[in-house]
*Asks:* 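Have a look at the structure that comes next, please.
Just so we're clear, the structure is a prediction, and the values are computed from it rather than from any experiment. Throughout, protein chains are lettered first and strands after them, A, B, ... in sequence-line order, and every chain is numbered starting at 1.
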2 protein chains.
Amino acid sequence: MKKNTGEQHLRFAVLAVDVALMTVRDGRLLIRLAPVHRPPHFPNSKGLPGGLIDPKETAEEAALRIVKAKGHVESTVYMEQLYTFSELNRDPRGRVVAVGYIALIPWDELSTSEREDTDDAWWVPIEEARGLAYDHDLIRKTAHNRLRARATYTTIVSKLMPTEFTLTDLERVYESILKTDLDKRNFRKKILKIQVLTALNRKRTGGAFRPAELYRFTSPSVKEIEIL
Amino acid sequence: MKKNTGEQHLRFAVLAVDVALMTVRDGRLLIRLAPVHRPPHFPNSKGLPGGLIDPKETAEEAALRIVKAKGHVESTVYMEQLYTFSELNRDPRGRVVAVGYIALIPWDELSTSEREDTDDAWWVPIEEARGLAYDHDLIRKTAHNRLRARATYTTIVSKLMPTEFTLTDLERVYESILKTDLDKRNFRKKILKIQVLTALNRKRTGGAFRPAELYRFTSPSVKEIEIL
DNA sequence: CCAAAAGTGTTTTTCCTACACCCATGT
DNA sequence: ACATGGGTGTAGGAAAAACACTTTTGG
């Protein structure tokens, strides 16, 4: 076993995190982009919020910090590690190994300013987020696939819902992630059967139609369930 | 945004891989251990095969290299990234961020010497691999959970099977991973229905009983399937 | 009274589970 | 001929899928 080939051998790489921060608005799955300006390779580009890990924080702590800084999000976000990207040339300036994260937040919990597209952060429909800098197209695709897979066998979508919502709201979120149409009656039967929702016995009124019962997720934790 | 807080800030961590190399022998799920001798914290301990990533290789390449070196395995192994462990004190000597991998190999494809327990590598039943150095108990547990989960909705067990096997062989492997008894008839119906096996129209003879039909996995790739 | 979304039940089909006996071979 | 693991079918119940009309409200 080799030992001590020197500091530059042991610590050759820069450690970073890249975050696929996602939300759902009006039945559309959105992802947060941030400007990337790194000539000559990526002048005036867009990419996922990302940044270096500090010596005194874990990768997840770094991801949370970066979502707040570059994603302009103050609210509590849900974080889940996605994959670690270690290709030699994923950053043309040098060796950067990035731990990718999925971050989810309900649109309704963002403050007005957080929802805005500012100069250095935009919410865009995930299928329109192409041509990103570095290997961020790959990270986005990996994140999208993972979210879709986990939506079918966990309660991860709870992290995209406001505290109160109607069954139709919930169905729309599932449909936007899975990109399928679900049968309203069967969806309601299944989601109520698995006992993860609590009816609030209050209704959301306001539209020119019958008011809808409000629900919340009973538990804040993401649980494994049967397939939806 | 901070820039250039110095090299020691940017490259503070050592990057490593730790590999949960697993196989199945006689219906038992085994994991490969290697000696760890790092006084004062881990004198004469055991741990998963692991080592540093080189500047010119990806994490996966490092994992493959380490399985060959520390795991004493020459054959082709299947690799799947597990999780990245970045706790500040997972290695008491300094900051080490480790990308964990699951590696699978059919017992039958190991050479005689690879199967042996040598001075610096042992195959042990996974439930007996406790008290490992560093955070390797956590990595082992994470790997075991992941393998169990993926066995139920992918064809990952194909990576633990020899090229030819009987349906009973396959059932034994599932049972050892899932730690349940499966119904022979139902297991056969399901596994044949999902169309991932090809019958070789040859039989394995030799025992004092009816010869068993031999099968192989139709495709070498790990596919998502319905739950088993 | 009209438009709009909420809410609800039944039938059909598919899938899962439980279960026991005969078959082909080697000794 | 006997011991051993290989191989097969069916019936009953549970879950999934398909499908259309009535309800409640605001305007």
*Asks:* Between P on D/dC19 and CG on A/L182, what's the gap in Å once rounded to a whole number?
*Replies:*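 In whole Å, D/dC19 P and A/L182 CG are 15 Å from each other.
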*Asks:* Return the nearest nucleotide to the side chain of B/F209; candidates are D/dG5, D/dA20, D/dG7.
*Replies:*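 The closest nucleotide is D/dG5.
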*Asks:* Check DNA chain C for consecutive Watson-Crick or G-U pairs with both distances under 3.5 Å and list the runs of at least three as stems.
*Replies:*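 Stems for DNA chain C, defined as runs of 3 or more consecutive pairs: C:1-15 with D:13-27, C:17-21 with D:7-11, C:23-27 with D:1-5.
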*Asks:* Closest heavy-atom contact between B/A103 and B/V19?
*Replies:*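 Heavy-atom minimum between the residues: CB-CG1, 3.6 Å.
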*Asks:* Side chain of B/A212 only, please: which of D/dG6, C/dG7, C/dG26 is the nearest?
*Replies:*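 Of the candidates, D/dG6 comes closest.
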*Asks:* If you measure only the distance, is there a donor-acceptor pair under 3.5 Å linking the side chains of B/S75 and B/E114?
*Replies:*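 Side-chain D/A pair, B/S75 to B/E114: present.
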*Asks:* Distance check needed: D/dG6 C1' versus B/R172 CZ, whole Å only.
*Replies:*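 Roughly 11 Å, once rounded to whole Å.
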*Asks:* Need to verify one output field. Residue with the more 5' nearest nucleotide on DNA chain C, B/D183 or B/P211?
*Replies:*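 The 5'-side residue here is B/D183.
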*Asks:* Just so I know, are the side chains of B/I126 and B/L30 near enough to count as touching, which here means a heavy-atom distance under 4.5 Å?
*Replies:*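 The answer is no, as the side chains (C-beta and beyond) never meet within the 4.5 Å cut-off.
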*Asks:* Within residues 186-195 of chain B, find the residues that approach DNA chain D with a heavy atom at under 4.0 Å, and present them sorted by residue number.
*Replies:*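 Correct list: B/R188, B/K189.
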*Asks:* Given side chains that start at C-beta, do those of A/E213 and A/L167 come closer than 4.5 Å, heavy atoms only?
*Replies:*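 With C-beta onward as the side chain, the pair stays apart.
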*Asks:* Could you tell me the separation between the CG atom of B/D181 and the C1' atom of C/dC19, rounded to a whole number of Å?
*Replies:*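 It is 15 Å, rounded to the nearest whole Å.
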*Asks:* With rounding to whole Å, what would you report as the distance between C/dC15 and D/dG9 at their C1' atoms?
*Replies:*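 Result for the C1' pair: 16 Å, nearest Å.
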*Asks:* What integer distance in Å separates B/R202:CZ from D/dG6:C1'?
*Replies:*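 From B/R202 CZ to D/dG6 C1': 17 Å.
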*Asks:* Roughly, in whole Å, what's the span from NZ in A/K184 to C1' in C/dA5?
*Replies:*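 Going from NZ in A/K184 over to C1' in C/dA5 covers 7 Å.
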*Asks:* Are more than 12 heavy atoms from other residues, nucleotides or ligands located less than 6.0 Å from atom CZ of A/R130?
*Replies:*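 Counting other residues, nucleotides and ligands, CZ of A/R130 stays at 12 neighbours or fewer.
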*Asks:* By nearest atom, which of the nucleotides D/dT23, D/dT8, C/dT25 is closest to the A/R210 side chain?
*Replies:*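 Comparing D/dT23, D/dT8, C/dT25 against the side chain of A/R210, the answer is D/dT23.
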*Asks:* Side chains of B/L110 and B/R115: closer than 4.5 Å at any heavy-atom pair?
*Replies:*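 A side-chain contact exists here, since the closest heavy-atom pair is under 4.5 Å.
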*Asks:* Whole Å only: how far is the CG atom of A/L170 from the P atom of C/dA6?
*Replies:*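 Whole-Å distance recorded here is 13 Å.
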*Asks:* Please report the distance, rounded to the nearest Å, between CG in B/L214 and C1' in C/dA24.
*Replies:*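 The distance from CG of B/L214 to C1' of C/dA24 comes to 15 Å, rounded to the nearest Å.
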*Asks:* Does B/E60 offer a backbone N or O that forms a donor-acceptor pair with the side chain of B/Y101 under 3.5 Å?
*Replies:*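 Yes; at least one donor-acceptor contact below 3.5 Å.
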*Asks:* Do B/F85 and B/Y134 make a side-chain contact, defined as non-hydrogen atoms from C-beta onward lying under 4.5 Å apart?
*Replies:*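 Not in contact.
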*Asks:* With a 4.0 Å cutoff (strictly under), does any side-chain N or O of A/T168 reach OP1 or OP2 of C/dA6?
*Replies:*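 For C/dA6, OP1/OP2 do have a side-chain N/O of A/T168 under 4.0 Å.
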*Asks:* Taking for each residue the nucleotide of DNA chain D with the nearest heavy atom, is it B/T166 or B/R185 whose nucleotide lies nearer the 5' end?
*Replies:*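 So the residue in question is B/T166.
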*Asks:* Does a sphere of radius 6.0 Å around CD in A/E87 hold more than 12 heavy atoms from other residues, nucleotides or ligands, not counting ones at 6.0 Å or beyond?
*Replies:*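 Incorrect, the count does not exceed 12.
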*Asks:* C/dG26 P sits how many Å from B/R204 CZ, rounded?
*Replies:*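 Taking atom P of C/dG26 as the reference, CZ of B/R204 is at 14 Å.
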*Asks:* Taking the nucleotide of DNA chain D with the closest heavy atom to each, which residue, A/A208 or B/Y215, is nearer the 5' end?
*Replies:*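 Nearest nucleotide further toward 5': that of B/Y215.
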*Asks:* Do the ring planes of A/W107 and A/W123 sit parallel (below 30°), tilted (30 to 60°) or perpendicular (above 60°)?
*Replies:*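 It falls in the perpendicular class, over 60°.
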